[in-house]
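This report refers to the structure that appears directly beneath it.
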Amino acid sequence: MTDTELTKAPGSHIPDTVANAAATPDREQPYGALGLKEDEYLQIREILGRRPTSGELAMYSVMWSEHCSYKSSKMYLRQFGQKVNDEMKKNLMVGMGENAGVVDVGGGWAVTFKGESHNHPSYIEPFQGAATGVGGIVRDIISMGARPVAVLDQLRFGAFDAPDTERVVHGVVSGISFYANCLGLPNIGGETIFDPVYQGNPLVNVTSVGVLRHEDLHLANAKGAGNKVVLFGARTGGDGIGGASILASDTFSSGGPTKRPAVQVGDPFAEKVLIECCLELFRDELVEGIQDLGAAGISCATSELASNGDGGMFIELDKVLLRDPTLTAEEILMSESQERMMAVVRPDKLDAFLAVVRKWDVETSVLGEVTDTGRLVINWHGEEIVNVEPRTVAVDGPVYERPVAYPSWIDELQGDSAAGLPRPEEGDDVRGQFLRLLSSPNLADKSWITNQYDTYVLGNTALSFPDDGGMIRVDEESGLGFAIATDANGRYCQLDPAQGARLALAEAYRNVAVTGATPVAVTDCLNFGSPENPEVMWQFSQTVEALSDACLEMEIPVTGGNVSFYNQTGTQPIHPTPVVGVLGVIDDVAQRIPSGWQDEGDNLYLLGTTSLELDGSAWAGTIHEHLGGRPPRVSLAGEKQLAALLRAGASESLIGSAHDLSDGGLGQALAEAVLRFGVGARVWLDEIVERDGVDVATALFSESTGRVIVSVPREDDVKFRGLCEGRGYPVARIGVTDKESASLEVQGVFTVGLEELRAAHRGTLPARFGATIAE
Amino acid sequence: MPTIVVEVMPKAELLDPQGKAVTGALSRMGRQGYHEVRIGKRFELTVDHVDDAVLAEVKELADDVFSNSVIEDVVSITVLDNTVSA
Amino acid sequence: MPTIVVEVMPKAELLDPQGKAVTGALSRMGRQGYHEVRIGKRFELTVDHVDDAVLAEVKELADDVFSNSVIEDVVSITVLDNTVSA
Amino acid sequence: MRIGVVTFPGSLDDRDAQRAVRLAGGEPVALWHGSHDLDGVEAIILPGGFSYGDYLRAGAIASLSPIMTEVVDAANKGMPVLGICNGFQMLAEARLIPGAHTRNAHQQFIRRDQRLRVENAATDWTTGFTQGQEITIPLKNADGRFIADDETIKRIEGEGQVAFRYVGVNPNGSFDDIAGVSNERGNVVGLMPHPEHATEPGFGPDTPAAMSSGVDGLTFFTSVIQKALVK
Ligand SMILES: Nc1ncnc2c1ncn2[C@@H]1O[C@H](COP(=O)(O)OP(=O)(O)O)[C@@H](O)[C@H]1O
Ligand SMILES: [Mg+2]
């Protein structure tokens, strides 16, 4: 039986009432088709003391889905809340569990940020899937009382050359571009990776950041009996019915049309109006509590608002404004129509509320009110179709301790190090490999994508791509701002998920630090295969444990995040891909540091040391199609030290540019820094080779952590060296900027002219996806 | 050369933001009596000739290329009299 | 309720980049015999009733609102039999 | 000088235009699409964005707004009006300037720092430039391709109504590389690139001197203010 049969079949439009459910205890119910297991269904019967009505079944099934209930991940995610010290709590206004975490950034300002996945819909319908992914995370941000001010997108596609990749890339990128540009949100960063492991299951994660004054903070709760419950925004339609449950609880490899849910169609214009409308409602203090409607729609909003508040709510479901009048009560409960919000409004403020909503031409209906009964009661044309304790739907869903198994293949994989692969010695060979890396899809310039994103809108973007982190001014008076970067390396995580998680955190942290900002908080978006696969569950448990420990060690709290399971093609799970986002604060964005040099004659320094760490590297993958061994080591204390050093340098304006070393190593970082403003450099590797005991290829391609190249104006040289020595961080002068040369010269190894560098770096994506007119 | 016209509309149960925006504009302009406006696409294909094979291929293209079956329906495929210009 | 269909096409002498892209896609897919694809819009208006006044108003709206005469032509205005769903 | 900036549902760069007016020394006044009140302003900016989602045609639905009746009226009486991006599209849809806009020839939204040549330094919004001056202004749009029939193009070329032309790269397939157009009188100017995003050091386009330091856009706003002072 399919979900439509459920909602249309028994008695067709005559809804299944509570009385009816009590009277017909033995009626068979299609819980299986809705993604519920038998024991879950029995648990629902036990909670209710009767069989659920079809409306209740619809609600429980969507709310108890993996996507909404976190039933497989909950017991692990607790660690993020537990492994915190006072330092980490200091600036946290709202922690995990709310729509998004909120961080005090000083001056009465706060920043809220969160990442979310929209992976499965983006494979079925890339444009709408990605677009509504932006819409969903932005509504999370609004519902905290914040004005959304930026987005970032983390994209992982199948093999660069695979035929289907082009469809997905075009759809996803234009979907994100369309929705975020139309909302007027600058896109300030992200990631783009191609790997066959994502072929049938691309990852589309979107992060959004919002800004608010402390007093504007809003929470999703329904308090105060008698307060009105209002649904506003777009009308409810048949979008994504059952999506939350069907999508998130099963894979859809070749599963035929029955598992194909209707996707949601987004309307960014409606969302833009909704944002302005909500901000005006907040400003005029017209809402008590607010919740966005995302997965599980009205089921989720009513049960969560009620559970977080006084516990009771009465709703007349037939008051919901419909786009399609034939929708049944169950479909309305499950609909995932976009661009909707639910607010709790005091009766004496209702008129003022409605006036604001009308001003923005937003459609509204008052559905019911908050009660003190402790029950969520939903009527349909006067008949009671839902009567539940809201916590049982929204909070106390099933929690699983899924079996965990150490992967049978991992020892062998880890034993297969890249250290033994042949490394080039001759200058020409090194040059050739350097250029191959620079033009490889994962390391190539991403401006084919980012040129489709607005960065200027709102007028506060201080840094965006291709810099390491995005940066936004929060306060026009003081220049106070935040920086943000997100990172994950699925290849490292496949080799060692715990180490991969630490590395993702370290890289995002470093990417924020090189902008001159101080890292203060973390969000994550954990993309994994099926939790029913014990080896995947092991990867997941390793990841969360390591990430929470690492955050404790670095003293930055995880403020929220998202888990996406069932990312696999057939039975082949994706590489574990925990995207980690780090938020930083900077007192004045005028002190920001770009990732490349612009001036003549600056000295180039490499901070940190290099060792033979090529396992899992871009070099091993691109040159040798190799994945094996152990990912690089990382010292979290060292990363903190490095960040503090950069901050000190930034605040004294000693640093002209700073670029962190990651995928592709020093060679890649040098090329990017040269191309940033088109200013060449002369570089020598002798000191690194000698001090660190590595060969030239290792010096250029190793992915050792804790490293950054900085450029320092001549006049600040002494001060800068003093700073490094004082802090005891390893530093070596490796070169000097050279405008005249119009090239990157690695002395005694190779020289590549600016034009050749640019062509290698920029040509790859346009050659595959179609030329754009920019350059 | 003959022209084949393929017409595609957004699925009725899904949101049609374009149509919604136009419906709103009409009512703001004070135009009464327009309950709903929906906006779809009209494709005009100029082809060498029309026969059953061509029509079958166009039908297939209409479903796979010109429309996205997840969100749209092909509502008609017609052959334009090529002596009349569209 | 009856439906009035208004169809709008880009002017023949202007480049239709969307249509051109589809034409290109067809030829890349190896589909022969499609000389040109042009993409226009189809508006479906659900109205209370149809009479001459309504049709005259729709004609006016078609020219002033649904199309921009600098770049588009209204190619047809038809009334759909309301018993047949589009 | 009081300069009105109209906010339509879906306007995005309205507050940025207000900021630019302020940075140029003017007083920005927020105007609302649904009203017929111009609040005594002396010049008007129609800002960028996706008014009404640009769903019918870019700028089309906004051009039917109540305030546009007043804007058209004031423009015809000589009030300076600047349409930026979506505002340019509204001016064309409202027939205040000739031509129309279609989807970019390459079909994608494009953002880039765009070189422009000032082709007419005599309009109300360009007197601070010199004829032929090259400037860099951020561009970001999906429906930026300016088109008109041959006759119109010939006319506006001949009458100096082409205010700005793309230099180096034509980013959207606009006819004759036209980036901006004025009406005959020179008080109404529309252009695709966004001068308001090149007005504040640190947040503008890169220049050879320093990143994000480009402020070429400021001259649009100082020009109109200067002109009002002279009057
Ligand atoms: N999909 C995307 N959206 C936005 N920005 C992106 C995207 N992909 C890459 N970028 C940007 O391109 C630049 C280079 O990316 P990457 O090499 O992954 O950076 P890093 O190695 O510093 O993490 C960064 O500024 C990054 O934010
Ligand atoms: Mg980086």
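Below, read A as the first sequence line, B as the second, and so on, with proteins coming before strands; counting in each chain starts at 1.
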(message) Given heavy-atom pairs under 4.5 angstrom as the criterion, report whether the side chain, backbone, both or neither of A/Asp267 touches chain D.
(response) both
(message) So for D/Ala209, is it side chain, backbone, both, or neither that comes closer than 4.5 Å to the heavy atoms of chain A?
(response) backbone
(message) Whether A/Asp454 and D/Lys140 form a salt bridge (side-chain N of Lys/Arg under 4.0 Å from carboxylate O of Asp/Glu) is what I want to check.
(response) yes
(message) If we check side-chain hydrogen bond (donor to acceptor under 3.5 Å, both in side chains) with A/Tyr456, which of these qualifies: D/Asp113, D/Asp16, D/Asp13?
(response) D/Asp113
(request) Indicate yes or no for a side-chain donor-acceptor contact from D/Arg111 to the backbone of A/Gln452 under 3.5 Å, with no hydrogens or angles considered. (result) no
(request) Against chain A, label D/Tyr55 side chain, backbone, both or neither, depending on which of its atoms sit under 4.5 Å from a heavy atom there. (result) side chain
(message) Can you tell me if A/Asp587 has over 12 outside heavy atoms packed within less than 6.0 Å of its CG?
(response) no
(request) Determine the option with the most heavy-atom pairs under 4.5 angstrom with chain A, choosing from D/Glu200, D/Gln114, D/Gln107, D/Gln108. (result) D/Gln108
(request) Answer yes or no: are there more than 12 heavy-atom neighbours, outside A/Glu477 itself, under 6.0 Å from its atom CD? (result) no
(message) Using side-chain heavy atoms (C-beta onward) and a distance below 4.5 Å, is D/His194 in contact with A/Val457?
(response) no
(request) Output the distance between atom SG (A/Cys182) and atom CZ (D/Phe109), rounded to the nearest 0.5 Å. (result) 9.5 Å
(request) Name the region of A/Val589, side chain, backbone, both or neither, that has any atom closer than 4.5 Å to a heavy atom of chain D. (result) side chain
(request) Check for a donor-acceptor pair, side chain of A/Arg473 on one end and backbone N or O of D/Phe203 on the other, with a separation under 3.5 Å. (result) no
(request) Measure A/Leu183 against the heavy atoms of chain D and call it side chain, backbone, both or neither at under 4.5 Å. (result) backbone
(message) Quick one, A/Glu276 and D/Ser11 - any side-chain contact, counting heavy atoms below 4.5 Å?
(response) no
(message) Using heavy-atom distances under 4.5 Å, tell me whether A/Tyr453 contacts chain D through its side chain, its backbone, both, or neither.
(response) backbone
(message) Under 6.0 Å between ring centres: does that hold for D/Phe50 and A/Phe269?
(response) no
(message) I need the D/His197 NE2 to A/Thr461 OG1 distance, nearest 0.5 Å.
(response) 8.5 Å
(request) Go through the atoms of A/Asn187 and report whether side chain, backbone, both or neither lie under 4.5 Å from a heavy atom of chain D. (result) neither
(request) Name the member of D/Ala142, D/Ser51, D/Gly204 that forms the most heavy-atom pairs with chain A at distances under 4.5 Å. (result) D/Gly204
(message) Please find the pair of heavy atoms, one from A/Gln598 and one from D/Pro208, that lie closest to each other, and give the distance.
(response) NE2-O, 4.0 Å
